[in-house]
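Written out below as structure tokens is the structure these notes cover.
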Amino acid sequence: MRFLAAALICSLALVAPSLAQQKPSGALTPQIESILKGIRAADKGQLAISEEDGRFLRVLVAARGARSILEIGAASGYSGIWLGLGARESGGKVVSIEFDPQRAKEASQNITRAGLTDVVRVVHGDAFKEIPKLQGTFDFVFLDAWKPDYQKFFDTVFPRMTPGALFTAHNVVNKKTDMEPFLKTIQTHPQLFTSIVSPGSEGMSISVKLR
């Protein structure tokens, strides 16, 4: 009996460190779900994406196995949380850039409350100035910023996207007239395959860089 007890203690001692070393998952916990609902309830300017679009982003990041994720337009951190949950599964990191100082502050606070600071970093500033400061390449980009600048944002990041990288953009259905040059570019670019889908009502473009 003493031998069995000693063996059990030894086995637990071996298992405990491995459990402690396990990384948090990208599961949507009740706490995170509550935070997401709170963000949307306080979103008077309707800047946050829909829950359907958020879930879709999480799937895309995880399925792509994205490691270097760039978000342009953080708002209050709603989409950044979904991207972060995907990054938890892919082993990636998210840099989320927000121009408005108050929204950037809110985004940072919400990311912290969601327990995602290990995978999501919020940067306050002009994306056109902040992106050149970032090191390396991107294998996933989510764009949800000033719509008339979509083409300029695309031109800025495309050279730094790896082959097989995904470029996703929001509001391509409900605000398509504000970004016509961008939509024409992604649908005719020789190095892209593009599809436009509508998980929510606003529409999202998904473009894969072929080479």
Side-chain angles (χ1 to χ4, degrees), residues 23-29 31-40 43 47-100 103-125 127 130-131 134-145 150 153-154 156-158 160-162 164-172 197-200 202-209:
K23 294 181 179 179
S25 75
L28 181 61
T29 65
Q31 178 188 355
I32 294 176
E33 190 169 15
S34 176
I35 291 168
L36 288 168
K37 288 180 179 178
I39 295 172
R40 285 195 60 82
D43 183 25
L47 298 174
I49 63 174
S50 67
E51 179 182 343
E52 293 83 359
D53 287 337
R55 290 179 179 274
F56 187 60
L57 285 174
R58 179 176 61 158
V59 169
L60 286 179
V61 169
R64 170 60 180 79
R67 304 300 297 273
S68 179
I69 302 149
L70 174 65
E71 178 180 38
I72 306 172
S76 295
Y78 187 86
S79 51
I81 291 175
W82 286 108
L83 291 169
L85 292 175
R88 276 270 176 82
E89 298 299 327
S90 67
K93 300 286 185 181
V94 182
V95 175
S96 182
I97 303 175
E98 173 56 46
F99 180 78
D100 182 87
R103 289 199 293 266
K105 180 180 179 180
E106 292 173 1
S108 183
Q109 291 173 340
N110 287 326
I111 294 297
T112 299
R113 291 171 58 220
L116 290 167
T117 54
D118 59 318
V119 289
V120 182
R121 177 166 68 95
V122 178
V123 175
H124 166 235
E130 297 300 328
I131 291 172
L134 301 177
Q135 300 295 314
T137 56
F138 312 115
D139 54 19
F140 194 100
V141 179
F142 176 56
L143 173 59
D144 189 15
Y150 269 30
F153 283 122
F154 174 82
T156 299
V157 301
F158 183 76
R160 296 180 57 183
M161 289 171 56
T162 59
L166 294 181
F167 187 101
T168 59
H170 199 239
N171 299 116
V172 298
V197 298
S198 295
E202 297 94 346
M204 190 181 302
S205 64
I206 308 169
S207 303
V208 57
K209 186 174 183 179

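If you read the sequence from its start, that first residue is 1, and numbering goes on from there.
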Any residue meeting ring pair (Phe, Tyr, Trp, His ring centres under 6.0 Å) with F158, in chain and number order, not counting sequence neighbours
F154, H189
List in chain and number order the residues that pass ring pair (Phe, Tyr, Trp, His ring centres under 6.0 Å) with Y150, two or more places apart in sequence or in another chain; answer none if no residue qualifies.
F182
Would you indicate whether the side-chain heavy atoms of [Y] and [X] approach each other to under 4.5 Å?
X: Q109; Y: T112; answer: no
X: L36; Y: L28; answer: yes
X: V119; Y: I69; answer: no
X: I49; Y: M204; answer: no
X: V61; Y: V94; answer: no
X: F56; Y: T168; answer: no

Residues forming a side-chain hydrogen bond (donor to acceptor under 3.5 Å, both in side chains) with [X], sequence neighbours excluded:
X: D118; answer: R88
X: D53; answer: S50, H170
X: R55; answer: E51
X: R64; answer: none

About how many Å separate CD1 of I206 and CG of L57, when rounded to the nearest 0.5 Å?
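With rounding to 0.5 Å, CG (L57) is 8.5 Å from CD1 (I206).
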dist F142:CZ -> L70:CG (nearest 0.5 Å) comes out at 11.0 Å
Sequence neighbours left out, what passes side chain to side chain contact (heavy atoms under 4.5 Å, CB included) with [X]? Give chain and number order.
X: V208; result: L166, F193, L210
X: E130; result: I97, V123, K133
X: A165; result: D139, M161, T162

Of the non-hydrogen atoms in [X] and [Y], which two are nearest, and what is the gap between them?
X: N110; Y: R113; value: OD1-NH1, 2.8 Å
X: A66; Y: S90; value: O-OG, 2.5 Å
X: A104; Y: V122; value: O-CG1, 3.7 Å

Say whether, by atom type as modelled, one donor and one acceptor occur between the side chain of R103 and the main chain of L47 under 3.5 angstrom.
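Side chain of R103 to backbone of L47, a donor-acceptor pair under 3.5 Å: no, none is there.
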Main chain of T137, side chain of S68: is a donor-acceptor contact present, judged purely on distance under 3.5 Å?
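The answer is yes, because a donor-acceptor pair under 3.5 Å joins these two groups.
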Show me the donor-acceptor pairs within less than 3.5 Å that the side chains of residues 74-85 make with the rest of the protein, sequence neighbours left out.
unit_1, atom_1, unit_2, atom_2, d
S76, OG, E106, OE1, 2.8
S79, OG, E71, OE2, 2.2

R121, CZ: over 12 other non-hydrogen atoms inside 6.0 angstrom
no
Are V157 and I72 close enough, and set up right, to give a side-chain contact (heavy atoms from CB on, under 4.5 Å), and what steps lead you there?
CA-CA 10 Å; V157 301; I72 306 172; 4.2 Å; yes
